[in-house]
Amino acid sequence: MEQKVPGPEMIGRLCETAVAMRQMSYVPYSHFRVGAALLTADGEIFTGCNIENAAYTPTVCAERTAIFKAVSEGHRSFAAIAISGGPEDGELQYCAPCGVCRQVMAEFCGRDFPVYLAKSGTDYEVHTLEELLPNGFSADNLK
Ligand code: THU
């Protein structure tokens, strides 16, 4: 699918939203706060944060929180995601998504899907999903 790239104003807003969403993260174990903001193809923003658990494995990343919120409300077509992460008491990083979140993105997003790694609304890196998950396994394999 051909990707419609959002304009600079929307990218800035998406990145700022991801940074702000770090405040909502529940991270008593890692103290590493991640926020995410997912833009749907029709211009809605769904937010997410990481939510940890004492049993560790039930922990969910910020990106999957945002994606699952959106999909559970009927959205399956996405234009971009912004992610912001860093230690609770440290500096923000260009925090790249974990492998599981890359795989979940690949379920719904095309190769050109832009992933913004944000420190602020103006300071970010962008990578396509293809760069982050080359040669991935997808529904095409099951055909
Ligand atoms: N985490 C995310 O939320 N997204 C990522 O892309 C990387 C890792 C979370 C999971 C866990 O709560 C904490 O960061 C440390 O791994």
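Count residues from 1 along the sequence. For ligands, and for the atoms within them, numbers begin at 1 and follow the listed sequence. This is a predicted model, so every value here is computed, not measured.
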Under 3.5 Å, N or O to N or O, is Thr59 touching ligand 1 that way?
->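 In fact, backbone or side chain, Thr59 has no N or O that close.
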
Pair Glu125-His127, side-chain donor/acceptor within less than 3.5 Å =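 Yes, His127 and Glu125 have a side-chain donor paired with an acceptor closer than 3.5 Å.
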
Answer yes or no: is there a side-chain heavy-atom contact under 4.5 Å between Ile45 and Met10?
->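 They are in side-chain contact.
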
Which residue supplies the protein heavy atom nearest to atom 14 (O) of ligand 1, what is that atom called, and how far is it?
->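 So the nearest neighbour among protein heavy atoms is Asn50 ND2, 3.4 Å.
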
Is the distance between the ring centroids of Phe78 and Phe113 less than 6.0 Å?
->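 Distance test on ring centres: not under 6.0 Å, no.
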
Run the numbers for me: atoms of ligand 1, each under 4.0 Å from some heavy atom of Cys98, listed by number.
->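 Here the atoms of ligand 1 in question are 6 (O).
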
Protein contact for atom 3 (O) of ligand 1 (heavy atom, distance under 4.0 Å) |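 Under the 4.0 Å cut-off, atom 3 (O) of ligand 1 does have protein heavy-atom neighbours.
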
Are Pro97 and ligand 1 in contact, using a heavy-atom cut-off of under 4.0 Å?
->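 Yes, that is the case, since the closest heavy atom of the residue is under 4.0 Å from the ligand.
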
Residue-ligand contact Ala96/ligand 1, heavy atom below 4.0 Å =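 Contact present.
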
How close does the nearest protein non-hydrogen atom get to atom 8 (C) of ligand 1, and which residue and atom is it?
->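 Ranked first by proximity to atom 8 (C) of ligand 1 is Cys61 SG, 4.1 Å.
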
Hey, is ligand 1 close enough to Val27 that some N/O pair sits below 3.5 Å?
->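 N/O-N/O distance under 3.5 Å: no.
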
Contact atoms of ligand 1, heavy-atom distance to Phe32 under 4.0 Å |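 It comes down to these atoms of ligand 1: 14 (O).
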
In terms of atom number and element, which parts of ligand 1 are under 4.0 angstrom from non-hydrogen atoms of Glu63?
->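 Result: 2 (C), 3 (O), 4 (N), 5 (C), 6 (O).
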
Exceeds 12 heavy-atom contacts within 6.0 angstrom, atom CZ of Arg13 |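 No, not enclosed.
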
Got Thr47 and Lys69 here, is their nearest side-chain heavy-atom distance under 4.5 Å?
->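 In short, these two side chains touch, coming nearer than 4.5 Å.
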
Just go through Ser30, Pro28, Gly86 and tell me whose heavy atom is the nearest to atom 15 (C) of ligand 1.
->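 Closest candidate by heavy-atom distance is Ser30.
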
With the side chain counted from C-beta on, respond yes when Thr59 and Tyr26 share a heavy-atom pair under 4.5 Å apart, and no when they do not.
->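 SC-SC contact between Thr59 and Tyr26 ruled out.
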
Looking only at heavy atoms of Gly85, does any of them come nearer than 4.0 Å to an atom of ligand 1?
->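 It does not; every heavy atom stays at 4.0 Å or beyond.
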
For the residue pair Tyr124 and Ile11, establish whether any side-chain heavy-atom pair is separated by less than 4.5 Å.
->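 Yes, side chains in contact.
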
Spatial distance of atom CG (Asp123) from atom OG (Ser84) [nearest 0.5 Å] =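 Reported to 0.5 Å precision, the distance equals 10.0 Å.
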
May I ask you to test the Asp42-His75 pair for a side-chain heavy-atom distance under 4.5 Å?
->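 Of all side-chain heavy-atom pairs linking His75 with Asp42, at least one is under 4.5 Å.
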
Below 4.0 angstrom from a heavy atom of Glu52, which ligand 1 atoms are there? Numbered from 1 as shown, please.
->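 Reading through ligand 1 atom by atom, the close ones are 11 (C), 12 (O), 13 (C).
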
